[in-house]
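The block underneath contains the structure these notes are about, expressed in structure tokens.
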Amino acid sequence: MGFPQPEAGLVVSYSYRWSDESEAGHVEGRKNRPCAVVLVVQQAEGKAPVVAVVPITHSPHRNPDAAIEISQAVKRHLGLDERSSWIVLDDFNVFTWPGFDLRPVPGQNDRYHYGLLPPRLFESLIAKFSELRRHGKALQTSRDEEAG
């Protein structure tokens with residue numbers, strides 16, 4: 001099937017790296033998880049786009065104002081499990097698409113994405129994410145310099 005085209009609101013399977021993996025609030029560490037694409041920057045013709053993704057986690061965030069809980073209806077729409085989940089908005093990874101950390105969706109070796117977030121949820125996510133970035137409260141980790 002190949003990699004999907006990057007699109008804001010697309011939820012992908014990705015090996016996410018927290019900006020500070022030793023931080024107590026990030027008990028899940030680096031692992032494959034659903035992540036939402038929040039930004040796609042098109043480069044010059046012939047060059048791959050650069051994207052930013054935010055993680056989706058089962059752990060309640062230490063700062064409730066920096067996360068959005070996902071409804072069960074949205075989780076069903078995306079094919080995610082029934083456990084409570086949050087989209088974390090104060091920590092994000094940036095990489096050149098498709099990068100080396102996109103992973104197949106569990107149980108589907110030829111598919112790398114779960115689907116798109118509903119527009120209303122995505123709009124509220126972007127509003128919070130933009131506010132956190134504007135105030136310097138969203139930590140960025142660039143993934144392009146790492147190998148595998």
Side-chain angles (χ1 to χ4, degrees), residues 1-21 23 25-26 28-59 61-71 73-81 85-148:
M1 176 179 238
F3 297 115
Q5 287 298 313
E7 179 179 352
L10 184 68
V11 177
V12 296
S13 181
Y14 182 74
S15 181
Y16 190 82
R17 180 172 179 185
W18 297 102
S19 59
D20 182 357
E21 291 181 352
E23 189 172 327
H26 298 295
E28 291 188 73
R30 187 190 323 200
K31 71 177 189 180
N32 299 344
R33 68 178 67 248
C35 291
V37 175
V38 291
L39 182 66
V40 178
V41 178
Q42 297 298 329
Q43 302 296 308
E45 189 173 328
K47 295 187 98 178
V50 174
V51 301
V53 297
V54 292
I56 297 174
T57 178
H58 289 115
S59 299
H61 196 45
R62 66 191 177 286
N63 177 0
D65 293 331
I68 295 178
E69 188 167 7
I70 305 172
S71 72
V74 170
K75 292 192 75 170
R76 278 191 298 277
H77 161 73
L78 295 172
L80 300 175
D81 65 31
S85 293
W86 291 263
I87 302 171
V88 175
L89 302 172
D90 63 353
D91 198 301
F92 64 103
N93 285 189
V94 175
F95 60 96
T96 302
W97 189 267
F100 48 81
D101 280 324
L102 280 185
R103 300 290 189 256
V105 169
Q108 300 185 32
N109 291 334
D110 63 346
R111 185 178 169 100
Y112 293 84
H113 66 288
Y114 294 90
L116 287 167
L117 293 172
R120 210 175 313 169
L121 174 60
F122 184 71
E123 288 168 13
S124 63
L125 175 160
I126 285 299
K128 275 191 174 191
F129 177 71
S130 297
E131 180 181 338
L132 290 164
R133 285 191 66 210
R134 197 170 29 257
H135 292 99
K137 295 181 179 180
L139 302 174
Q140 173 181 321
T141 300
S142 175
R143 300 300 303 280
D144 283 340
E145 72 279 353
E146 298 178 23

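Between L78 and G115, the shortest heavy-atom distance links the atoms CD2-C, 3.8 Å. Of all heavy-atom pairs spanning Y114 and V105, the tightest one is CE2-CG1, 3.6 Å. Residues L39 and R133 approach most closely at CD2-NH1, 4.3 Å, considering heavy atoms. Residues R33 and P55 come closest through the heavy atom pair CD-CB, 3.6 Å. For the pair L121 and S124, the tightest heavy-atom approach, listed with the atom from each and the gap, is O-OG, 2.9 Å. For the pair Q43 and A48, the tightest heavy-atom approach, listed with the atom from each and the gap, is CG-O, 3.0 Å.
How far CG of L80 is from NE2 of H77: 9.5 Å, rounded to the nearest 0.5 Å. One finds the CH2 atom of W86 at 8.0 Å from the OG atom of S59 (value rounded to the nearest 0.5 Å). The distance from the CZ atom of R134 to the CZ atom of F129 is 11.5 Å, given to the nearest 0.5 Å. Note that CD1 of I56 is 12.5 Å distant from CD of E69, once rounded to the nearest 0.5 Å.
Using a 4.5 Å cut-off on side-chain heavy atoms (C-beta onward), V41 and V51 make no contact.
Shown here are the salt bridge (Lys or Arg N to Asp or Glu O under 4.0 Å) partners of D81, two or more places apart in sequence or in another chain: K75. Remark: K128 engages I68, L89 in a side-chain contact (heavy atoms from CB on, under 4.5 Å) (not counting sequence neighbours).
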- Are Y14 and N93 close enough, and set up right, to give a side chain to side chain contact (heavy atoms under 4.5 Å, CB included), and what steps lead you there? CA-CA 10 Å; Y14 182 74; N93 285 189; 3.3 Å; yes

- Would you please test D91 and Y16 for side-chain hydrogen bond (donor to acceptor under 3.5 Å, both in side chains) and show each step? CA-CA 10 Å; D91 198 301; Y16 190 82; 2.6 Å; yes

- Mind running side chain to side chain contact (heavy atoms under 4.5 Å, CB included) on R143 and V94 for me, showing each step along the way? CA-CA 6 Å; R143 300 300 303 280; V94 175; over 6 Å; no

- Query: When you look at V54 and V88, which way does the side chain to side chain contact (heavy atoms under 4.5 Å, CB included) test go after all the steps?
  - Reply: CA-CA 6 Å; V54 292; V88 175; 5.8 Å; no

- Query: Does the side chain to side chain contact (heavy atoms under 4.5 Å, CB included) test come out yes or no for D90 and L139, once each step is laid out?
  - Reply: CA-CA 6 Å; D90 63 353; L139 302 174; over 6 Å; no

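A donor-acceptor pair is defined here as one N or O able to donate and one able to accept, closer than 3.5 Å; such a pair exists between the side chain of S71 and the backbone of V74. With H135 contributing its side chain and E131 its backbone, the two residues share a donor-acceptor pair below 3.5 Å. In terms of modelled atom types and a separation under 3.5 Å, the side chain of S130 and the main chain of A127 share no donor-acceptor contact.
Note on ring orientation: taking the six-membered ring where Trp is involved, the planes of W97 and F95 are parallel (angle under 30°, cut-offs 30° and 60°).
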Could you tabulate the donor-acceptor pairs under 3.5 Å formed by side-chain atoms of residues 4-13, not counting sequence neighbours?
residue : atom : partner : partner atom : Å
S13     : OG   : R103    : O            : 3.3
S13     : OG   : P104    : O            : 3.4

